[in-house]
Colleague: 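Starting off with a structure, shown below.
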Amino acid sequence: QVQLVESGGGLVQPGGSLRLSCTASGFTSNDYTIAWFRQVPGAEREGVSVITTRDGGKSYADSVKGRFTISRDGLENTFYLQMNSLKPEDTAVYYCAGANYRLDAEYVFRGELYRYWGQGTQVTVSS
């Protein structure tokens, strides 16, 4: 049984930083995909960043490139989303998602391809 548990959300001022964590358990191979999505009420879910565990490949949405960094602590199977230079438009509920296979680059932000989801953590960027 795969489980994803997020933490690290909160309130931050514009220009500030937050780090989200996602602890994964239950994956039976070392070749899977972890992604961060975000969603605001009334809007579609948006893919933010992705990492594949076998080769460490990473992808970012254009809206967060240069500001967000995804990483992994392999020993702990914990995945991080370091968010810097935060903007009010980054305000959303952030979800960690997992797929037990590696996704091709053109599909990494297709939410329907991820079977496992965390509970979500609120990030609010406001002065």
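Side chains are part of it too, since the values below use all heavy atoms of this structure and drop only hydrogens, waters and symmetry mates. If you're wondering where the values come from, they're calculated on a predicted model, not measured in any experiment.
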Colleague: How many angstroms lie between atom OG of Ser7 and atom CG of Leu20, to the nearest 0.5 angstrom?
Modeller: 8.0 Å
Colleague: Answer yes or no: is there a donor N or O on one side and an acceptor on the other, between the side chain of Gln13 and the main chain of Ser127, under 3.5 Å?
Modeller: no
Colleague: Between Glu46 and Ser63, is there a side-chain donor-acceptor contact under 3.5 Å, judged purely by atom types and distance?
Modeller: yes
Colleague: Ile51 vs Ser71, test: side chain to side chain contact (heavy atoms under 4.5 Å, CB included). Steps then yes/no.
Modeller: CA-CA 7 Å; Ile51 186 167; Ser71 63; 5.7 Å; no
Colleague: For the pair Cys96 and Ile34, evaluate side chain to side chain contact (heavy atoms under 4.5 Å, CB included) and give the outcome as yes or no after the intermediate values.
Modeller: CA-CA 7 Å; Cys96 177; Ile34 293 292; 3.9 Å; yes
Colleague: Is there a path of hydrophobic side-chain contacts, each under 4.5 Å between heavy atoms of I/L/V/M/F/W/Y residues, joining Phe68 to Val93?
Modeller: no
Colleague: Met83 versus Val12: any side-chain heavy-atom pair under 4.5 Å?
Modeller: no
Colleague: Counting only N and O atoms by type, is there a donor-acceptor contact under 3.5 Å from the side chain of Thr121 to the main-chain atoms of Gly9?
Modeller: yes
Colleague: Do Leu11 and Ser126 have side chains that approach each other closer than 4.5 Å (heavy atoms only, starting at C-beta)?
Modeller: yes
Colleague: Between Ser49 and Ser59, is there a donor-acceptor pair closer than 3.5 Å when you use the side chain of the first and the backbone of the second?
Modeller: yes
Colleague: Any side-chain to backbone donor/acceptor pair from Gln119 onto Glu6? Under 3.5 Å, distance only.
Modeller: yes
Colleague: Taking all non-hydrogen atoms of both residues into account, name the closest pair between Ala61 and Gly47 and its distance.
Modeller: CB-O, 3.3 Å
Colleague: Between Leu103 and Ala99, what is the shortest heavy-atom contact and its length?
Modeller: CD1-CB, 4.5 Å
Colleague: Is a donor on one side and an acceptor on the other found under 3.5 Å between the side chain of Arg67 and the backbone of Ser85?
Modeller: yes
Colleague: Can you tell me if OH on Tyr101 sees more than 12 non-hydrogen neighbours from other groups inside 6.0 Å?
Modeller: yes
Colleague: Do Cys22 and Trp36 touch side chain to side chain, with heavy atoms closer than 4.5 Å?
Modeller: yes
Colleague: Of all the heavy-atom pairs spanning Gln122 and Ala92, show the shortest one and how long it is.
Modeller: NE2-O, 3.4 Å
Colleague: Any side-chain heavy atom of Asp55 sitting closer than 4.5 Å to one from Arg102?
Modeller: yes
Colleague: OG1 of Thr23 to CD of Gln3: how many Å apart, nearest 0.5 Å?
Modeller: 11.0 Å
Colleague: I'd like to know whether Ile70 forms a side chain to side chain contact (heavy atoms under 4.5 Å, CB included) with Phe79, so could you lay out the CA-CA distance, the side-chain angles of the two residues, the decisive distance to 0.1 Å, and finally the verdict.
Modeller: CA-CA 7 Å; Ile70 193 169; Phe79 299 83; 5.5 Å; no
Colleague: For Gly57, does its backbone N or O pair with a side-chain atom of Thr52 as donor and acceptor, under 3.5 Å?
Modeller: yes
Colleague: In terms of side-chain geometry, is the basic nitrogen of Lys87 or Asp90 positioned less than 4.0 Å from the acidic oxygen of its partner?
Modeller: no
Colleague: Between CD of Gln1 and OH of Tyr116, what distance do you get to the nearest 0.5 Å?
Modeller: 7.5 Å
Colleague: Is the ring centre of Tyr95 less than 6.0 Å from the ring centre of Phe37?
Modeller: no
Colleague: Donor-acceptor pair, Thr53 side chain versus Tyr32 backbone, under 3.5 Å?
Modeller: yes
Colleague: Among Leu4, Val50, Asn100, which one satisfies side chain to side chain contact (heavy atoms under 4.5 Å, CB included) with Tyr114?
Modeller: Val50
Colleague: Using the side chain to side chain contact (heavy atoms under 4.5 Å, CB included) rule, take Leu18 and Gln82 through it: C-alpha gap first, then chi angles, then the decisive distance, then the call.
Modeller: CA-CA 6 Å; Leu18 278 175; Gln82 178 66 43; over 6 Å; no
Colleague: Membership question, hydrophobic clusters at under 4.5 Å side-chain separation (ILVMFWY): are Phe109 and Trp117 in the same one?
Modeller: yes
Colleague: Determine whether the side chains of Thr78 and Asp73 contain a donor N or O and an acceptor N or O closer than 3.5 Å.
Modeller: no
Colleague: Is NZ or CZ of Arg38 both nearer than 6.0 Å to the six-membered ring centre of Tyr94 and within 45° of the ring axis?
Modeller: no
Colleague: Answer yes or no: is there a donor N or O on one side and an acceptor on the other, between the side chain of Asp104 and the main chain of Glu106, under 3.5 Å?
Modeller: no
Colleague: Verify the neighbour count for atom CD of Glu44: are there more than 12 heavy atoms of other residues, nucleotides or ligands below 6.0 Å?
Modeller: no
Colleague: Below 4.5 Å, heavy atoms only, C-beta onward: do Asn84 and Leu86 meet side chain to side chain?
Modeller: no
